[in-house]
Number of protein chains: 2
Amino acid sequence: MVSIKDVAEHAGTSFKTVSRVINNDPGVREETRERVQASIDALGYRPNSAARMMRNQKSGVIGFISDEVVTQPYAGELLLGAQEVASEHDKVLMVVNIEHDRKRQQRAIDMLLERRVEALVYASYYHREIELPQEMLQVPSVLVNCFTTEAELPTFVPDEVQAGYDATRLLIEQGHSRIGMITLNPQIVASRKRLEGYRRALDEAGIAFDGELIVQGEPRFDESAEAASVAFAVDTLMALDKRPTALVCGKDEFAMQVYFLLARFGLQVGRDLAVTSFDNQRLIAPGLTPGLTTMELPHLEMGRAALHCLFNRTDDRSTRLIPFSPIVRESHRLKV
Amino acid sequence: MVSIKDVAEHAGTSFKTVSRVINNDPGVREETRERVQASIDALGYRPNSAARMMRNQKSGVIGFISDEVVTQPYAGELLLGAQEVASEHDKVLMVVNIEHDRKRQQRAIDMLLERRVEALVYASYYHREIELPQEMLQVPSVLVNCFTTEAELPTFVPDEVQAGYDATRLLIEQGHSRIGMITLNPQIVASRKRLEGYRRALDEAGIAFDGELIVQGEPRFDESAEAASVAFAVDTLMALDKRPTALVCGKDEFAMQVYFLLARFGLQVGRDLAVTSFDNQRLIAPGLTPGLTTMELPHLEMGRAALHCLFNRTDDRSTRLIPFSPIVRESHRLKV
DNA sequence: CCGATGAATGACAACGTTGTCGAACAGTAA
DNA sequence: TTACTGTTCGACAACGTTGTCATTCATCGG
């Protein structure tokens, strides 16, 4: 590989002068600068970042540890937002997917610390508590879409309560008061918090909470039984004496199921039942008829916010709630 | 940051001996080794990879340039497969998303070459021809899910023809001979090749090709008009004198639309129309009733194959076709 | 014409690591 | 004792940069 010395020899100067040219140091005569630049171009020289790192004691790298962000639809936007802000600050992300594997996680963190990452981001696919790798405390770190009780770290999570509130509010504003909810697995943070938002919206509107209207859509054990589970949930709701006229679905896949399942009862979303949901899965939400009104997870925004926080290095180690965006289509509104 | 010299001082040896311990060099007395190891642990020493890089003239990094792989549902599996193989060989991926931006692409490549990546992978979200960044020829490179005519490089793309063939064949085997197809935008490689596979399957089965059965599902200009476009396609097919009894959909979103749209005609997928499709979008395909039979894009496999190719450095610069996997559910079969 | 000034450039060290070579030492055979 | 072996360890250089300081040279005022 061609080094600064090769360029110097080619240009007939000392290698220090070449260094000056590369770094736009002002103390170089114009003529010399041009000659050196010509040699750089001729030899195809590129500064060796490893040498620079050693000299400057800075890697310019930010580690991004993800459990499975990258493999999940649109969660990758989190990465995208992070990359965008990082590159504004001339930093690069080094992304490692650890896939819930302890050993792999350890190896990944070792690798990142050996590369002297200037900071670490830990991002999880779904909003949950994590076991904090203790090594993360050695460098500035932030958590995204996850949290921990083991240490105080800047944390960015979606505002699930607000999302639940807004999703419900959209239906209340349409005049509904019998509003059903198909929840995610209650062990999940999102499930509990969104329900909290739902209740808050009802309270605020003076609507009494009715436990009968809350049914679980995700199966307790067998993932593959999800379709059946949603079907059961819809059946349960539709068998009620006072059927709901509106429904908050725990995720867009549930909503899709609902669109199909209502046909059994001769009903249609958007005519007989108003629906809102969460996620705004681009594959599903716009493709349904009527278009699905849904709360979009702020992945991009969380990624951005987390990196901004790293660069504005204050001592603020609080948890920040990033709001969902309501994507308003037609499903929350009944056509008469 | 604590260096090898700090450890040496702490352990009362020369720094070279510490180096030997780190690298498991045999010529160290057991007692010394333990003493040094204790110091390493006590000080929390981690070897500085920048220094190692400089010394060894090897970065251990493989650059992964993606146009938008990461932000697209499940295309991230490509990255995952690549990462898996890389880490088997003790290499790390450095991923950069260039988002079709010329400048960003140039910056990304410069950055990667300055970091002395040992190889480059260029992966595109959908199968297409790319303009090859000329710098890629400076290091061993492979293309994934894309190709170029500007140079001969090892290339890994999905076998679209086989996918079209298989998707059609599944229907033929069920006794169908009037098989419609809703195609993607014909400018896309996948669209043309899959149609070729479709024709081959028909030929082989002695079924005459009928152009009336081929309709375009993707709108020509306006992306947002896709739903309407598919609706029009279905209407067209259903208005034929001899309606198709089976249908190959260009992507799972089309299939989802078809499930809904058939209702207009009082028809049902799996009862009146057999359907196959492409992609196996996890959000859609398993959630439809009947489950969608679809050809899964070999993202994971392409990622793996590409990296294997880099490590088995032969001079083979050919294009390898990676087969789709048929994910057989129920939609290709009519229930009587 | 001389010394002072400032601009342009070079010599050298250092960053943290590993490869090469040689030194110190213990043990063994003659 | 000597000579030789092998084991264990350290001194030193080098990798490619950049910061510090010294040197060279032209220019300018007196």
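Naming: A, B, ... by sequence-line order, numbering from 1 per chain. Predicted model only: the values in this text are computed from it and were never measured. Excluded from the calculations below are hydrogen atoms, water molecules and symmetry mates; all remaining heavy atoms, backbone and side chain alike, are included.
- You'll find the side chain of B:Ile22 reaches within 4.5 Å of the side chain of B:Ile4, heavy atoms only.
- No option in A:His10, A:Glu34, A:Glu9 other than A:His10 meets the side-chain hydrogen bond (donor to acceptor under 3.5 Å, both in side chains) test with A:Ser39.
- Here the P atom of nucleotide D:dT8 and the CG atom of B:Asn24 are 15 Å apart, to the nearest Å.
- End-to-end axis angle for the helix from C:dC1-D:dG30 to C:dA30-D:dT1, using five pairs per end and rounding to 10°, comes out at 60°.
- Taking only side-chain nitrogens and oxygens, A:Thr32 comes nearer than 4.0 Å to OP1 or OP2 of C:dT9.
- With sequence neighbours excluded, the residues forming a salt bridge (Lys or Arg N to Asp or Glu O under 4.0 Å) with A:Arg128 are A:Asp67, listed by chain and number.
- Proximity of A:Arg29 to the phosphate of C:dT9: a side-chain N or O atom is located under 4.0 Å from OP1 or OP2.
- For A:Thr17 and C:dT9, the shortest distance from a side-chain N or O to OP1 or OP2 is not below 4.0 Å.
- Without hydrogens or angle criteria, A:Arg35 side chain to A:Thr13 main chain gives no donor-acceptor distance under 3.5 Å.
- A salt bridge does not link A:Arg304 with A:Glu88: every distance from a Lys NZ or Arg NE/NH1/NH2 to an Asp or Glu carboxylate oxygen is 4.0 Å or more.
- Among the nucleotides C:dG10, C:dT9, D:dC9, the one closest to the side chain of B:Val28 is D:dC9.
- At least one donor-acceptor pair under 3.5 Å links the side chain of A:Asp6 to the backbone N or O of A:Ser3.
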Footprint string (nucleotides 15-21 of chain C, 5' to 3'): B base within contact, S backbone only, - free, heavy atoms under 4.0 Å: BBBBB--

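- Side-chain contact between A:Phe64 and A:Leu78: present, with at least one pair of heavy atoms (C-beta onward) separated by less than 4.5 Å.
- The side-chain heavy atoms of A:Leu310 and A:Lys91, taken from C-beta on, include no pair separated by under 4.5 Å.
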